Each structure stands twice: as C-alpha cells, then as structure tokens.
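The shown structure was predicted, so the numbers you read here are calculated from the model rather than taken from an experiment. Throughout, numbering of the chain's residues begins at 1 and tracks the sequence. What you see below is based on every heavy atom in this structure, not just the backbone, and it leaves out hydrogens, waters and symmetry mates.
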Amino acid sequence: MPIQTLDKGDDHVKFFCFQVLEHQVKYKYSELSTAQQQLIRGTLLSWLQAQMLNPQPEKTFIRNKAAQVFALLFVTEYLTKWPKFFFDILSVVDLNPRGVDLYLRILMAIDSELVDRDVVHTSEEARRNTLIKDTMREQCIPNLVESWYQILHNYQYTNSEVLCQCLEVVGAYVSWIDLSLIANDRFINMLLGHMSVEVLREEACDCLFEIVNKGMDPVDKMKLVESLCQVLQTAGFFSIDQEEDLDFVARFSKLVNGMGQSLIVSWTKLIKNGAVKNAQEALEAIETKVPLMLQLLVHEDDDISSNIIGFCYDYLHILKQLSVLSDQQKANVEAIMLAVMKKLTYDEEYNFENEGEDEAMFVEYRKQLKLLLDRLAQVSPELVLASVRRVFSATLQNWQTTRFMEVEVAVRLLYMLAEALPVSHGAHFSGDVSKASALQDMMRTLVTSGVSSYQHTSVTLEFFETVVRYEKFFTVEPQHIPCVLMAFLDHRGLWHSSAKVRSRTAYLFSRFVKSLNKQMNPYIEDILNRIQDLLALSPPENGYQSLLSSDDQLFIYETAGALIVNSEYPAEHKQALMKDLLTPLMERFKVLLEKLMMAQDEERQVSLADSLNHAVGFASRTSKAFSNKQTVKQCGCSQVYLDCLQTFLPALSCPLQKDVLRSGVRTFLHRMIICLEEEVLPFIPSASEHMLKDCEAKDLQEFIPLINQITAKFKMQVSPFLQQMFMPLLHAIFEVLLRPAEDNDQSAALEKQMLRRSYFAFLQTVTGSGMSEVIANQGAENVERVLVTVIQGAVEYPDPTAQKTCFIILSKLVELWGGKDGPAGFADFVYKHIVPACFLAPLKQTFDLADAQTVLALSECAVTLKTIHLKRGPECVQYLQQEYLPSLQVAPEIIQEFCQALQQPDAKVFKNYLKVFFQRAKP
C-alpha cells in the first residue's frame, strides 16, 4: 500500500486505508511475502515520518487507528523480525510534539494488546504476550521509561495534553515492569509536582495509584506510601473540605484507598512473617490515615465515598483480628457506624417513580454500605445494635414530622440487622436475651407506631420488607398479626396507589402468610373475602387495568391456596373453599375459550389466549401448597382439580394461538401428575395427541419432559400408552429435525440441537425406567431406525451433552439385550455399530478431551465398552484384538494394552486408560 494513500485524500479514505492495513496485519500477515511485509513496515514508518512535517495533525480517530495498526504489527514482528521496533519509532518521533503524541498512543495500544483485562486471550496468545513482555523487560523497558521521563520533564510547562497521555502510559505499564524504574525520587517528585497542576493532577493521581497498587516488599511499600502521604499532607491535599473539584477528589479518594489497602496488605504479610515491630509500624501508619478515610467516607458525593469503602472494610477486618481495641480504635468504629447510617440515606433528587442510571448506582452503593455494616457488626455487634436502636427509636417517636428519607433509613437499618447479626433459621427472638429484647422492642414499635401509613412508597415498602424478614416476631407476639394483615390488605399494601408497591406487596404477603400458616387460622375467611376482588381474571377488553398484573395475581392465588390447605378446617370445608376459589376461573375459562374460537382479529386472539393462559396458571399456582396426592385427598380437593383438567384440556384442540395455550395446559399437567398421580392418566392420551399436532421444535422440546415425568413416575402403568404414542412422537421429532434450514440460521440450528437432546433424554428415560420393551415392540424396522439415531447422536453431532446421553442409552440397551438371549440381530448390531461408535466418536477432532462435558461423554463411552465386555465375555476381547482394532491401524502392543485395561475389574482404571488411549491416538 503506497504512502500516498495513507497520507492523502479525505479523512474517511485515510481511515479506510488503515482499516485495510489492520485486516492484513491481523488476519493475512503470514500469507504475505517478505517483500510485502517489509512494504507495510516501511509504509507505516514513512507515514509516521510525514506526520512530523504536516502543517495540521491528523484527526484523533485516525491517529488511534494508526496506533492500533502499529501495535498489531508490533505483537506480530517484535520477537522475530523487528526487535528494534521502539528504537526505530523513537528515532523517527524524537521529541516532536506530534511524534510524541503518536508514540504514546502506540504504547497504549500495545499495552492494550498485551494486558487488556477485558479481552479473553487464547492460551497461545497469552504465551506470546508473556514472552513479548519478558523480552521488553530485558531489552527496552529502561529506555522507554527514560523516554517517559524526558517527555514529562520537557513538556511540563508547554503541553498538558501530552503530559496527561504520558502519565496514562506510565500508569498502564507500571503493573508489569520493574517498579524501581518508576518508584524512585526523580519520578515520584515529578509526579507529586504534577499533583499541584490542575490540568495534570487527575492523571498524576491515577499514576500514583498504580504505583502504590503494585506488589512489592511490605516494608518498602510502607516506606513508599508514608513518604507519599507526608508530601501530600504537607501540600494540603488532606484538607478535603476545601477542595471544590469533585472529579479530582474522586481520583484522590481512589488513591487514598489504594494507599490504605497497600498498608493493610503490608501489615498482613508482616504479621504472617512474625515481624512484630514492623507490623506495629504498619498499623500505626494505617491508623494515621483513618481520619482522612472518614472524611472521604462521609463526603456528600457518593462516588468519592464509594471509592474509599475498600480501605474502610479492610481496616475493620484488622480490628476484628485484634484481641483488644484502643479507645481511639473504638471511636473510629463508632465514626464509621455513624457514617454508614448517614450515607445510607436517600437524597432529595432520588426518583422513585422513574429509576434511572443514577438511582441504580445509588442502589449499588447501598449494597457496599450494607457489607460495611455487616463487617462493623463482626467487630462490635453491641455498638451496631445500640446505634441502630438509638436512631430507630428517635425517628419512630416522631415519624409524622420527620422527612421520608430519615424514616426509611431508620426502618432499613432494622431490616439490615437481620443479616448483620445473623442467627440460624431466623431465630432473632430467642437466645441472647439483650439482643432478642432490643429487636423485639423495635419490632413492636414498628408495627404499633402507625408508620405503615407514612405517605411515601420507600417507607411503605421498607415496612413490609421488615415485617416479613422478622416474621418470627409474630410467633412471640401474635397479637400484632391483625394490624399487619390489615396493612397488607388495605390502601397501604395491596390497594396502594403505586403499582410498584402493590406488586411487591403481593409477593411479600404470600411469604408472610405461608411463614405464619399456623397463626393464620382465625383470619382465613376474612382474608379470602378481602382478596376476592384481586382474584378476578382481568377481562381482555375495554382497556381495563386491574390492580395487579397477572404475575402478581399468581402470588395471591398461591396465598389463597396455602391458606385453605394449611387451615385447621375439616376436609369438607377446605373442599368448599377450594371450589369457591377455582370455579369462577373455570367458568371464565369456558367463556373466553368460546370467544377465542370466534375471534377474527389477531390482536384480540393474542389477548384472549393470554387470559386463558393466566387462568390455567392461577389454578396451577393454587396447588403449590400440596406436596403429593395424599395431601390433596386429605383436603378433599381431588375432584375440583379433575374438574379443572376437564375444563382446560379442550383448549388443546383450539387451532388459534396454540403455543400459548399448549404451554399453559402442559404446565398444569406437570403439577397434576404430582397432585393427582394416576388419576391424571386417563387424560394423557388425548392431551398428547393434540399436543403432537402441527408441532414446532419448541413444542416438542417442552412436551417431551412431560412424557419423561409420566414415564419415570408410573413406569409399567403407562406402558400401553407409551407403546401407542412412541412412533407418532418419534415421527413428529424426525419430521422437525429433517426440515431444511438456512446454513447461517443459528436460531434454527440451536432449536434442532435442543430437540435432539430432548429426544435422547426421552429414550434414556424409557430405557432407564425398565421400559425397553416399549422400543422392542415397535417392529424390527422401527427399532433399527431408533438405534441408528442413537449411534448418530453418539458419533456425528459435536454435542457432548447429547453424546453422553447416547452412550448411557447404548450401555443400558447392551445391559438389557446384549446377552445370549437378547433380541435376534442385536449382537451383530453391537459389533457393527456400537463398538465402532465407542471409537469413532472420541477420535473426531470435535471431541475435545479438554472439555469437562466431553470427558463425561467419554466416561459413559467407557461404561458402554465395559458393559459389552461384561455381556459378551471373551468373544468381545477377541473381536477387538483380531478384527476391529487392527482395522484402525492400532499397533499390536497398544491393542494388547487396551484389552488388558478393558478386562480390569475396576471400571475406573479403564476409564482413565481410555482417556490416555485417545489422547495418544489423536493427531
């Protein structure tokens, strides 16, 4: 590519030319002749030379792209053809400002290629990058460092942009070069000088951070940090409250965090090494930084505060390890506690109705503070409990006249105590008397103070979250249950004006009721009456908006089901209540299904189908309180669920919106197999027949688990049904798998792969449930077709999950049919197909023995071979020795070794051997 094309034309032409070069260097370089490679190298150097003379610099995006091309050429040629890369670049750029700019961009691009943490390198690239860095350290890093010093020195008063670039380069390279080249008086003094220059100090701060972050001898690190701190303090940087530039304070906070954590690492190493005197010095050094840490932690800017939390957390970890705390350390812990309580508080600008990026960042920041509170509780649980109690009691006493954010944080702190002061099984109100008493007092205040009526969503939600978290309180003081239930069941909870509150309350109400089911009995009918309106199936017309979404209604139905099932009512009463709950759903379902059958407009069809699906889902959710058929019978509820089945199954014959309707009914059948067991079986053949009509891959994928569940649970009871639907199911699967698809249609390929897995899982269930006769009775031609698909699955498709399943199936079939009295022709099939599959699959290049799933597939392959040997005896060994392995050109001594391993009684020995065998056999 001639120099003119890189240096002439408009910017887009130049950029395109660099893109072409980038592609050649990255993907085609090894195919180019030596002369062509030299031309690229010369072209780039000539372009670089021309930049020194151009009246105007190139646009930034062109310079960045050029730097990327130089970096790619560097990693390609440095070790072999261009060892003087940096010397050639430096001889061209000298100290020309434009040249220095490009030189620094090239260095950043090289660092990105070699150590970019966001890029996943192949093992070969990682080895190459390590070798390049090692070679650079030996040959040119000292010269590069010298060039950086000269740039920083020569441009310190004339070009702040170049200085910032250079500081960025130093910060990037410090992590992998000899630190002594940078952490010395001349460099550090210059960097500290830059800390006083407004346009440079942020980059200088980052550079110092990288230096203190670098691993080094603990005593040397301590001395380095202390000398830095001394200079920074003398220069007034520790006076945070006088600094108005928040961006700089955020960088400075990160630097202080790095220095604090580095000192803590030094202290930890010194303690471990038994260097008590030096460790004491390190601890004293840490303590002197705590006042600055506290200033930054309570800073009103959350980014600044967030940057120092790591130091704060690690400092508390040190205190946790000390047997006795000094008065100052106790005061520090208290100050951190006060800071956490203050910083947990929402600010006025937080948008609760439309939470965006700023709100998401505050939520993450709160999570950091929560970890800090947990660590505080490990150091001084008494202090944390007392502090929270003080703030909580003072706030709740006057909540009506207190700002929402203060009320919210007071309740939030009580909520957070549950994890900060952990107990087993939520037993906060037993054991330690003082703690239990304090928590009990606070909970009593919470539920009796009336704070649940506070007119702010954050306080309302925190109230409900807290009463659910401390549900054990209500077993100690059950007299408070009615007032909390009322809060859930009126305008404060499920009827709140905010959809967000209603939605979260629906979930929390479900948890509250289920956790206190023994205490709920006196209130059941009242609750069921009050939630009646929330159970209505939303009509899919007139733009009607119900109070709860269908997802929220699932929790209400689950709650209603749990209340009925767990009640102390007699079976007849439970049956009546469950019927009252489910009958309106069934009646509405029938009406909506009729409407769907007649609907012309597709949008209306979708809406009706969704409503029908919701109805089935609600009925399904009520059954969650049942664990098995016995519990359903005890409640007298079998018939009502059978009625539901009879109501819902006609939806399967609806020709419209089949996907949605089938999905809902299928899920309901899964639940009913657990709840009604064999009473479901009469419905399965008809349901299956409908679900197999006009199938797509996804339909079959979702249908097969249902058949697997039935097969595994009922085994021989469903043998006639399986015999009857076995081939129709397989025909439906084969028809979908054989449909042509575009070569680049990734979605279709993935669907077929998942369907194949489901198909093999079905065969595994059938064979593993003692139902192999179902396959055997399909006729010789169909049996062979099934077996051939299993062999194909084991060998032809590079999917280790499916391959593993196929080998499990083959192993089971050999175990069942592989003996002398097996089906006619199966022994021949074993030698003609199953034995070869055990070798052809692992010998394929796609069979990656470094992959964990593939190793599991190989393990099942070994089991299959062992099973063949077990069933066929010496005949199997003879076949391998004299016919099959010689046909693969395996050396006689390896054949002997293989057969000896196969005959070992310990299956594990053969599995290990087989992996080695195929590792050696692969080219």
Side-chain angles (χ1 to χ4, degrees), residues 156 160 163-164 167 171 183 185 187-213 221-264 281-316 318 326-343 345 347 365 368-369 372:
Q156 62 182 322
S160 59
L163 281 178
C164 284
L167 289 169
D185 287 347
F187 249 106
I188 296 295
N189 289 337
M190 186 180 288
L191 289 171
L192 288 167
H194 292 155
M195 286 285 287
S196 301
V197 181
E198 194 163 335
V199 291
L200 302 178
R201 59 186 188 167
E202 287 184 25
E203 289 297 342
C205 220
D206 286 350
C207 199
L208 286 170
F209 170 78
E210 294 298 338
I211 291 168
V212 299
N213 231 25
K221 174 64 71 72
M222 183 169 60
K223 288 176 181 173
L224 172 67
V225 170
E226 282 301 83
S227 64
L228 283 177
C229 284
Q230 196 172 358
V231 175
L232 291 169
Q233 189 166 13
T234 304
F237 286 104
F238 284 19
S239 303
I240 301 300
D241 50 345
Q242 295 170 23
E243 181 56 64
E244 293 177 2
D245 182 352
L246 296 184
D247 287 339
F248 170 67
V249 180
R251 303 279 185 107
F252 182 67
S253 182
K254 182 182 169 188
L255 172 60
V256 175
N257 189 69
M259 291 192 294
Q261 289 188 305
S262 293
L263 288 172
I264 289 169
E281 285 177 25
L283 185 57
E284 287 167 9
I286 293 163
E287 294 288 356
T288 61
K289 311 300 174 291
V290 171
L292 178 58
M293 175 191 79
L294 289 168
Q295 277 189 73
L296 293 165
L297 183 64
V298 295
H299 199 284
E300 64 181 20
D301 186 283
D302 292 341
D303 289 339
I304 292 167
S305 175
S306 175
N307 285 344
I308 202 71
I309 283 179
F311 176 21
C312 196
Y313 188 81
D314 292 347
Y315 172 65
L316 290 171
I318 284 183
S326 68
D327 289 344
Q328 184 57 57
Q329 287 166 335
K330 289 175 184 174
N332 291 342
V333 172
E334 194 161 351
I336 294 169
M337 182 68 206
L338 290 170
V340 168
M341 292 193 293
K342 178 188 174 189
K343 293 300 293 178
T345 310
D347 60 30
Y365 172 59
Q368 289 181 288
L369 292 171
L372 212 47

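In terms of the salt bridge (Lys or Arg N to Asp or Glu O under 4.0 Å) criterion, Lys254 has no residue partners (sequence neighbours excluded). Remark: Phe187 engages Tyr149 in a ring-ring contact (aromatic ring centres under 6.0 Å, His included) (not counting sequence neighbours). For Glu300, there are no side chain to side chain donor-acceptor pair (under 3.5 Å) partners, not counting sequence neighbours. Applying the salt bridge (Lys or Arg N to Asp or Glu O under 4.0 Å) rule to Glu202 yields the partners Arg251; only residues at least two apart in sequence or on another chain are considered. Partners of Asp245 under the salt bridge (Lys or Arg N to Asp or Glu O under 4.0 Å) rule, at least two apart in sequence or in another chain, are Arg201.
Residue pairs satisfying the side chain to side chain donor-acceptor pair (under 3.5 Å) criterion with at least one member in residues 229-239, sequence neighbours excluded, are absent.
The backbone N or O of Val249 sits nowhere less than 3.5 Å from a side-chain atom of Ser253 that would complete a donor-acceptor pair. A donor-acceptor distance shorter than 3.5 angstrom exists from the side chain of Asn189 to the backbone of Asp185, with no hydrogens or angles considered. Of the possible donor and acceptor atoms, one in the side chain of Asn307 sits under 3.5 Å from a partner among the backbone N and O of Ala250.
Taking each heavy atom of Ser227 and Leu224 in turn, the nearest pair found is OG-O, 2.7 Å. In terms of heavy atoms, Asp303 sits closest to Asp301 at N-OD1, 2.9 Å. When all heavy atoms are compared, the tightest approach of Leu167 to Ala204 is CD1-N, 3.7 Å. Closest approach of Leu294 and Ala335 over heavy atoms only: CD1-CB, 3.8 Å. Contact between Cys207 and Gly171 at its shortest, heavy atoms only, is SG-N, 3.8 Å.
Distance CD1/Ile309 to NZ/Lys343: 9.0 Å, rounded to 0.5 Å. Rounding to the nearest 0.5 angstrom, the gap separating the CG atom in Leu263 from the OH atom in Tyr315 is 12.5 Å. Note: Ile188 CD1 to Ile211 CD1 = 4.0 Å, rounded to the nearest 0.5 Å. Leu292 CG to Ile308 CD1: the interatomic distance, rounded to the nearest 0.5 Å, is 6.5 Å. To the nearest 0.5 Å, atoms CD (Gln295) and CZ (Phe238) are separated by 9.5 Å. With rounding to the nearest 0.5 angstrom, the OG atom of Ser262 is 10.0 Å from the CZ atom of Phe311.
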TODO: Go through the steps to decide whether Leu283 and Ile318 satisfy the test side-chain contact (heavy atoms from CB on, under 4.5 Å), and finish with yes or no.
DONE: CA-CA 9 Å; Leu283 185 57; Ile318 284 183; 3.9 Å; yes
Task: Verdict with reasoning, Phe252 to Phe209, per side-chain contact (heavy atoms from CB on, under 4.5 Å) - done: CA-CA 9 Å; Phe252 182 67; Phe209 170 78; over 6 Å; no
Task: Chi angles and distances behind the side-chain contact (heavy atoms from CB on, under 4.5 Å) call for Cys164, Leu200 - done: CA-CA 6 Å; Cys164 284; Leu200 302 178; 3.9 Å; yes
Open item on the list: Would Asn332 and Glu287 count as a side-chain contact (heavy atoms from CB on, under 4.5 Å) here? Give the steps.
Closed with: CA-CA 9 Å; Asn332 291 342; Glu287 294 288 356; 3.3 Å; yes
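At least one side-chain heavy atom of Met190 sits under 4.5 Å from a side-chain heavy atom of His194. The shortest side-chain heavy-atom distance between Lys289 and Met259 does not fall under the 4.5 Å cut-off. Between Phe248 and Met195 there is a side-chain heavy-atom pair separated by less than 4.5 Å. Using a 4.5 Å heavy-atom cutoff, the side chains of Val197 and Leu163 are not in contact. In this structure the side chain of Val340 reaches within 4.5 angstrom of the side chain of Ile336, judged on heavy atoms. Using a 4.5 Å heavy-atom threshold, the side chains of Met293 and Leu296 count as separate.
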